[in-house]
Amino acid sequence: MTNLPRKIISTNRKAFHDYTIFDKFVAGIVLTGTEIKSIRKGGVNLKDSFAKIEENEVFLYNCNIAPYEQGNIYNHEPERIRKLLLNKKEILKMLGKIKKENYTIVPLELFLINGYAKLEIGLAKGKKLYDKREDIAKKSQARDMQRAMKK
């Protein structure tokens, strides 16, 4: 599946800033009606979204998929709860880490593969303020090094 071309629709930059990502999974999404058309147009916002495991199923919360313009009465609710499709082994692995090490499930990227919408989710732990400052300092040092190398 990694060899197939991905068309990235939306990325959650805030997740990489606020969390340390430890493990990544690719999940399918259960969509209704006009949601896939809206996704293809790029009307997705993952900024404040998160996922929860309930009764051995994974659900995505607060993911805003904008209503489709030509959808009329068949349009979907923008922030409804969506089910994510994962293998049972993957769900149990995530559940174990969540309970044992206090991780959270954060959506990282929404993309299309062969016309199917997929969501990359990550097991993450929240960063403290000093961790964020440290990351910003490292990025600025790397940027300065790149500028020096060009000259």
Q | Summary of ring-ring contact (aromatic ring centres under 6.0 Å, His included) pairs that have at least one residue in residues 32-51, sequence neighbours excluded | A |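 Applying ring-ring contact (aromatic ring centres under 6.0 Å, His included) to every pair that reaches into residues 32-51, excluding sequence neighbours, yields F50-Y61.
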Q. Does anything in residues 132-151 pair up under ring-ring contact (aromatic ring centres under 6.0 Å, His included), and if so which pairs, sequence neighbours excluded?
A.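 ring-ring contact (aromatic ring centres under 6.0 Å, His included) check on residues 132-151 returns no pairs.
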Is the shortest side-chain heavy-atom distance between [X] and [Y] below 4.5 Å?
X    : Y    : answer
R82  : C63  : yes
L110 : I29  : yes
K125 : Y19  : no
I91  : I53  : yes
L108 : K24  : yes
K118 : E109 : no
V26  : L86  : no
K128 : E134 : no

If you measure from [atom1] on [X] to [atom2] on [Y], what distance do you get to the nearest 0.5 Å?
X    : Y    : atom1 : atom2 : answer
R80  : K83  : CZ    : NZ    : 11.5 Å
K52  : L60  : NZ    : CG    : 12.0 Å
E79  : I81  : CD    : CD1   : 10.5 Å
F59  : I105 : CZ    : CD1   : 11.5 Å
D144 : M149 : CG    : CE    : 13.5 Å

Q) Residues two or more places apart in sequence or in another chain: which of them pass ring-ring contact (aromatic ring centres under 6.0 Å, His included) with F22? A)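 F22 satisfies ring-ring contact (aromatic ring centres under 6.0 Å, His included) with Y103 only.
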Identify the two heavy atoms, one from [X] and one from [Y], that lie closest to each other, and give their separation to 0.1 Å.
X   : Y    : result
L84 : A51  : CD1-CB, 4.3 Å
I36 : G115 : CD1-O, 4.2 Å
K41 : Y68  : CD-CE1, 4.0 Å

Q: Determine, step by step, whether K93 and K88 satisfy the side-chain contact (heavy atoms from CB on, under 4.5 Å) criterion, reporting the C-alpha distance in whole Å, the side-chain angles of both residues, the deciding distance to 0.1 Å, and the verdict.
A: CA-CA 9 Å; K93 181 180 176 182; K88 191 173 186 179; over 6 Å; no
Identify whether [X] and [Y] are in the same connected component of the hydrophobic contact network (ILVMFWY, side-chain heavy atoms under 4.5 Å).
X    : Y    : result
L119 : L112 : yes
V44  : L31  : yes
I113 : I39  : no

Q) Should N45 and I65 be marked as a side-chain contact (heavy atoms from CB on, under 4.5 Å) after you check the CA-CA gap, both sets of side-chain angles, and the distance that decides it? A) CA-CA 7 Å; N45 185 5; I65 298 178; over 6 Å; no
Q.
Using a 3.5 Å distance criterion without hydrogens, assess whether the side chain of S38 forms a donor-acceptor pair with backbone atoms of E35.
A.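 Answer holds: no.
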Q: Please confirm whether the backbone N or O of N62 pairs with a side-chain atom of S49, one donor and one acceptor, at under 3.5 Å?
A: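 Judged by distance alone, no pair lies under 3.5 Å.
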Q | Result of checking V106, I121, D48 against N12 for side chain to side chain contact (heavy atoms under 4.5 Å, CB included) | A |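 It is V106; the other options fail the test.
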Q) Near K127 NZ, under 6.0 Å, is it more than 12 heavy atoms from other residues, nucleotides or ligands? A)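 Above 12, so yes.
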**Q.** Working for side-chain contact (heavy atoms from CB on, under 4.5 Å), residues L92 and K89
**A.** CA-CA 5 Å; L92 293 175; K89 285 182 182 179; 5.9 Å; no
Q: Go through the structure and list residues passing side chain to side chain contact (heavy atoms under 4.5 Å, CB included) with K99, not counting sequence neighbours.
A: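 Here the qualifying residues are L95.
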**Q.** Results of side chain to side chain contact (heavy atoms under 4.5 Å, CB included) for D18 - residues two or more places apart only
**A.**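 With neighbours one apart ignored, the set is K14, K132.
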Q.
Test question: given the 4.5 Å side-chain rule for I, L, V, M, F, W and Y, name all other residues clustered with I136, or answer none.
A.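 Members alongside I136: none; it stands by itself.
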Q.
Let's go through V58 and M94 carefully: what are the C-alpha distance in whole Å and the side-chain angles of both, what is the deciding distance for side-chain contact (heavy atoms from CB on, under 4.5 Å) to 0.1 Å, and is it a yes or a no?
A. CA-CA 10 Å; V58 184; M94 286 193 311; 4.0 Å; yes
